[in-house]
Protein chains: 2
Amino acid sequence: MLSSYSTADKVLLALDCIIFGFDQHQLKILLIQRDFEPEKGKWSLIGGFLKRTETLDDAAKRILNHLSGLDDIYLEQLYTFSEVDRDPGERTLSTAYYALINSEDHKLLEDGDYTAKWFDIKEAPNLIFDHNEMVQKAILRLRRRAVSKPIGFELLPEKFTMLQLQKLYEAILDVELDKRNFINKVNALDILVKLDEKDMTSSRKGSYLYQFDKEKYDQKIEEGFTFKI
Amino acid sequence: MLSSYSTADKVLLALDCIIFGFDQHQLKILLIQRDFEPEKGKWSLIGGFLKRTETLDDAAKRILNHLSGLDDIYLEQLYTFSEVDRDPGERTLSTAYYALINSEDHKLLEDGDYTAKWFDIKEAPNLIFDHNEMVQKAILRLRRRAVSKPIGFELLPEKFTMLQLQKLYEAILDVELDKRNFINKVNALDILVKLDEKDMTSSRKGSYLYQFDKEKYDQKIEEGFTFKI
DNA sequence: CCAAAAGTGTTTGTGATACACCCATGC
DNA sequence: GCATGGGTGTATCACAAACACTTTTGG
């Protein structure tokens, strides 16, 4: 028999964000050290509770905006975690979201409630509750998405070099890629604009900067193009 | 500021199942005609509410078991839907699951509360709330999964012919496949057992029956094999 | 002139696709 | 003996992977 509304149990629904960043070398996640119970002092994902008047996407945006001041962050719902004892405090479910932010351009806002810090995904501390599992799932999802949708650019500055893009994909996929093959493949996609500008910080010769051309990409998608790296 | 447990809102969490079946020709979904409000008389997915003492997976299994009597059904969490007005009755979120069942082997249990009926996915009626969206998402997920994990067998009888398997993939992917290429590909995977038995119902010559060899598959996965159709 | 990173093509191998005829059987 | 679906192999093409040298320029 289907439960009716009146007899059904209500639950607390939390939302936790796996926030990815990239620092030119490694994929990072943003963690906070909890200044509140339970598990005070331990590292965890950034989270909050869903309000009655907002969608999960709204809640994720609210939490990310509060942390960064940004409101155009790429995010995607990952999974809803529901182990009965996952939170020792109270029966709480949590829907995990992952977000991609360009950690260079944007400073994190200060908040008295916690200390936020970037960790290399390979060197992240042990997290509370089921947050480790959330992070693992997020990494797998990011890997699948990054090769089939042009979301990698969200982790880079507006203008970037080919090498930066390659390093990003190497960090996400945790593999080494061949420079020539990578560049050939990216150029074949034909969705970047090569600028006249060069980045002179990395070498005497300087390397050309590129930009993702969203209009061109959308146009090609309309025509049946499939992004694939 | 992060909400604290005490001030956070509690919500009703429903669970809706997209139940896929296959009848040798088309991919089907199981729908019920609601005998209760709201939206009485309209078609909807099979669902229920999460109980305080169970996980979402538990709830999905409970709902499917109640419907079919089976408890070894393949299922996977899909997405949590959270539009504020998605259910006009009360603020309710719903986590959608999809399930794969072999509709031939198993009879559905009767239940006075509703009438369950199989619909071709291309001819399904309009559904209540956001259930159409759930179904669309489930189809896309199933397509991605079916080519990268050996879950298609869940929709077939224990023993099946190559043609049945091909028709299944054609229905899932909504494409036509070449018989020789399909069989070559499947044989190359080397995860089926060819039985000495033949299915004589479809032709005079009869066609060999095959079975999925889970042990062999698991073994190959251990060794780094990747399933890909 | 030299050190350091940027930039650039070709060859080879592998997997995907296209395609047509013979086989076995019951009637 | 014939109608019906079952079963099988090869040639071509497209994409993925391997691979090394030249260019630029600031010091």
Side-chain angles (χ1 to χ4, degrees), chain A residues 24-25 143-144 146-148 156-157 159-211 220 223-229, chain B residues 24-25 143-144 146-148 156-157 159-211 220 223-229:
Chain A
Q24 311 289 306
H25 303 286
R143 275 184 196 156
R144 275 187 286 117
V147 297
S148 61
L156 292 174
K159 301 170 182 181
F160 51 85
T161 67
M162 277 288 182
L163 185 61
Q164 285 177 301
L165 186 62
Q166 182 183 337
K167 290 292 169 205
L168 170 67
Y169 274 91
E170 290 183 338
I172 291 175
L173 302 175
D174 194 26
V175 292
E176 299 228 318
L177 299 171
D178 178 85
K179 178 168 61 159
R180 282 163 295 184
N181 289 339
F182 182 79
I183 292 174
N184 287 158
K185 210 188 271 189
V186 171
N187 280 334
L189 291 176
D190 188 29
I191 53 170
L192 297 187
V193 200
K194 185 176 188 170
L195 305 175
D196 283 332
E197 232 171 312
K198 281 190 164 191
D199 168 27
M200 301 306 295
T201 62
S202 61
S203 74
R204 301 170 204 249
K205 188 179 177 180
S207 57
Y208 282 104
L209 290 165
Y210 290 79
Q211 239 178 319
K220 297 191 76 158
E223 294 162 0
F225 164 80
T226 308
F227 180 93
K228 185 75 184 48
I229 285 189
Chain B
Q24 312 288 307
H25 302 286
R143 276 183 196 157
R144 276 187 285 117
V147 297
S148 61
L156 292 175
K159 303 170 181 181
F160 49 86
T161 67
M162 277 288 181
L163 185 61
Q164 285 177 302
L165 187 61
Q166 181 183 339
K167 291 292 169 204
L168 171 66
Y169 274 90
E170 290 183 339
I172 292 175
L173 302 175
D174 194 25
V175 292
E176 299 228 318
L177 299 171
D178 178 85
K179 178 168 62 160
R180 281 164 295 184
N181 290 339
F182 183 79
I183 292 175
N184 288 157
K185 210 188 272 189
V186 171
N187 280 333
L189 292 175
D190 187 29
I191 52 171
L192 297 187
V193 200
K194 184 176 187 170
L195 304 174
D196 283 333
E197 229 172 314
K198 281 190 165 194
D199 169 29
M200 301 307 294
T201 62
S202 60
S203 75
R204 303 170 203 245
K205 187 179 177 181
S207 57
Y208 282 105
L209 290 166
Y210 290 79
Q211 237 178 323
K220 298 191 77 158
E223 294 162 0
F225 164 81
T226 307
F227 179 94
K228 186 75 184 51
I229 285 187

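Letters A, B, ... are given to chains in the order of the sequence lines, protein chains preceding strands, and every chain is numbered from 1.
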*asked:* If you take any heavy atom closer than 4.0 Å to DNA chain D, which residues from residues 196-211 of chain B end up in contact?
replied: B:Ser202, B:Ser203, B:Lys205, B:Gly206, B:Ser207, B:Tyr208

*asked:* I'd like to compare against my own output: the B/S/- annotation of nucleotides 9-21 of chain D with a strict under-4.0 Å heavy-atom distance to protein.
replied: B-------BBBB-

*Considering residues, nucleotides and ligands other than B:Glu223, do more than 12 of their heavy atoms fall under 6.0 Å from its CD?*
yes

*Determine whether more than 12 heavy atoms belonging to other residues, nucleotides or ligands lie under 6.0 Å from atom CZ of A:Phe182.*
yes

Exercise: identify the closest heavy-atom pair between [X] and [Y]:
| X | Y | answer |
| --- | --- | --- |
| A:Ile172 | A:Arg143 | O-NE, 2.8 Å |
| B:Gln164 | B:Lys159 | OE1-O, 4.4 Å |
| A:Asn187 | A:Met162 | OD1-CE, 3.5 Å |
| B:Lys167 | B:Gln24 | CB-O, 4.0 Å |
| A:Lys220 | A:Ile191 | CD-CG2, 4.1 Å |

*Interatomic distance, A:Leu163 atom CG to A:Ile183 atom CD1 [nearest 0.5 angstrom]*: 8.0 Å

*Indicate yes or no: at least one non-hydrogen side-chain atom of A:Leu189 is less than 4.5 angstrom from one of A:Phe225.*
yes

*Using the heavy-atom set of chain A and a strict 4.0 Å cut-off, write down the first and last nucleotide of DNA chain C that makes it in, 5' to 3'.*
C:dA5 to C:dG9

*asked:* Here's one to test your reading of the geometry: is the NZ or CZ of B:Lys194 within 45 degrees of the ring axis of B:Tyr210 and under 6.0 Å from its centre?
replied: no

